[in-house]
Amino acid sequence: MGRTIGFMGAGKIVEAMLTALAPAFAGDELVVWNRTPARAQSLASRFPVRVAASVRELAEASDWIFIAVKPHAVAKVVSEACLHVREDAFVISMAAGVTLDSIRGHFASPPRLARIMPNLPLSVGMGMTAVCADPSVPRELVDALLALFSTVGRARIVEERLFDTVTALSGSGPAFAFLFIESMADGAVLNGMDRVQAYEFAAQTVMGAARIVLDSARHPGELKDVVASPAGTTMAGIVSLERKAFRAIVMDAIDAAARRSRELNS
Ligand SMILES: NC(=O)c1ccc[n+]([C@@H]2O[C@H](COP(=O)([O-])OP(=O)(O)OC[C@H]3O[C@@H](n4cnc5c(N)ncnc54)[C@H](OP(=O)(O)O)[C@@H]3O)[C@@H](O)[C@H]2O)c1
């Protein structure tokens with residue numbers, strides 16, 4: 001018998017999870033509740049998921065509950081759910097910035113609690129998911145959560161104090177990478193390349209470079225040295241980036257996103 005997995009929320013990340021994790025959820029019953037029922041109905045028309053009429057119905061039915069509403073709405077849905085969540089349930093919040101402490105505080109007798117920060121590339125099997133569980137959660141449950149998200153990319157345990165950093169790095173990171181890919185392609189279009197082909201070349205190049213970093217475990221700077229031959233084209237590009245403080249700009253972007261995450265949570 002599979003588990004019953006409940007989703008509170010029916011937004012982009014739940015849709016991505018239902019798409020990508022379908023094989024991992026085989027044998028499980030999936031239930032979704034959403035404030036706007038039409039959005040849950042829309043998921044039910046495309047995925048094997050049942051719509052719960054209320055937070056209570058979802059809470060009572062579920063072995064695992066993913067909280068996937070906007071961060072400001074978490075307190076409200078958890079306060080509605082807390083009396084109905086089963087004692088042995090596993091409650092997993094993916095809301096940016098909402099701490100385990102703040103969720104635990106709603107329960108007289110807290111269930112097993114974890115916090116995750118997945119990212120959208122899980123929709124293409126290349127996600128990066130941070131996992132942090134309450135110390136009371138049995139290791140095999142944490143392993144099951146890591147195993148679930150490992151089917152759609154990588155999943156690692158990260159201390160909760162680093163979740164704002166992870167939100168900036170892997171949560172917001174895809175948007176920074178999209179910007180970089182767009183800019184690289186624009187540079188190629190400026191030099192006469194067709195736009196569609198430019199996006200393909202830029203995206204495949206970034207993906208390939210990332211693959212080398214992960215597979216070789218070599219320092220990115222060392223890999224840069226391998227590509228940049230003396231007096232060559234790559235060095236000309238690198239010096240242009242360095243003159244405009246490219247690395248400081250990117251560091252600042254991660255820092256600004258992490259600061260914004262902390263601000264939203266204070
Ligand atoms: N997208 C990502 O890459 C990503 C990655 C990691 C974590 N997350 C987290 O996942 C959560 C959902 O993100 P998303 O990208 O899926 O957002 P989204 O597509 O904008 O969906 C937002 C969800 O929150 C619900 N919601 C908003 N205000 C509500 C309220 N006052 N009461 C009850 N429900 C409310 C929405 O319900 P309605 O349909 O009724 O508006 C919808 O289900 C967020 O907490 C976010 O931090 C997202």
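Read the numbers this way: they start at 1 and go in the same order the structure lists the ligands and their atoms. The shown structure was predicted, so the numbers you read here are calculated from the model rather than taken from an experiment.
For atom 8 (N) of ligand 1, the closest non-hydrogen atom on the protein side is M94 O, 3.6 Å. Of the protein's non-hydrogen atoms, P118 O, 3.3 Å is the one closest to atom 5 (C) of ligand 1. Counting protein heavy atoms only, atom 13 (O) of ligand 1 is closest to I13 CG2, 4.1 Å. Protein heavy atom nearest atom 15 (O) of ligand 1, with residue, atom name and distance: K12 CE, 3.8 Å. In terms of protein heavy atoms, atom 41 (O) of ligand 1 is closest to R35 NH2, 2.8 Å. Nearest protein heavy-atom neighbour of atom 21 (O) of ligand 1: G11 CA, 3.4 Å. Given atom 37 (O) of ligand 1, the protein heavy atom at minimum distance is N34 OD1, 3.3 Å.
Cluster membership check: V49 does not share its hydrophobic cluster with V69, using side-chain heavy-atom separations under 4.5 Å among Ile, Leu, Val, Met, Phe, Trp and Tyr. Using a 4.5 Å cut-off between side-chain heavy atoms of Ile, Leu, Val, Met, Phe, Trp and Tyr, with links allowed through other members, L100 and F107 fall into the same hydrophobic cluster. When hydrophobic clusters are built by joining Ile, Leu, Val, Met, Phe, Trp and Tyr residues whose side-chain heavy atoms come closer than 4.5 Å, directly or via intermediates, V78 is not grouped with M94. Hydrophobic clustering (side-chain heavy atoms under 4.5 Å, transitive across Ile, Leu, Val, Met, Phe, Trp, Tyr) groups I92 together with V137.
The residue among H72, K70, E80 with a heavy atom at the shortest distance from atom 17 (O) of ligand 1 is K70. Taking each of T36, V69, L43 in turn, the one with a heavy atom nearest to atom 11 (C) of ligand 1 proves to be V69.
In this structure the side chain of E57 never reaches within 4.5 angstrom of the side chain of W33, judged on heavy atoms.
We find that E60 and R56 are joined by a salt bridge, their nearest charged nitrogen and carboxylate oxygen being less than 4.0 Å apart. Salt bridge annotation for R39-E15: absent, with no cationic side-chain nitrogen under 4.0 angstrom from a carboxylate oxygen.
Near A96, meaning under 4.0 Å from one of its heavy atoms, ligand 1 places the atoms 45 (O), 47 (O). Every atom of ligand 1 with a heavy atom of A68 under 4.0 Å away is listed here by number and element: 11 (C), 12 (C), 23 (C). Remark: ligand 1 atoms within the under-4.0 Å shell around heavy atoms of G9 are 43 (O).
Only the side chain of M117 comes within 4.0 Å of ligand 1, counting heavy atoms alone; its backbone N, CA, C and O stay farther away. When heavy-atom distances to ligand 1 are checked against a 4.0 Å cut-off, A10 comes that close only through its backbone atoms N, CA, C and O.
When the shell of 6.0 Å around CE of M193 is examined, it contains more than 12 heavy atoms from other residues, nucleotides or ligands. In Y199, the OH atom is crowded: over 12 heavy atoms of neighbouring residues, nucleotides or ligands sit closer than 6.0 Å.
Between F149 and F66, the ring planes are perpendicular. Angles over 60° get that label, and only those under 30° would be called parallel.
Checked by distance only, ligand 1 and R39 come closer than 3.5 Å through their nitrogen or oxygen atoms.
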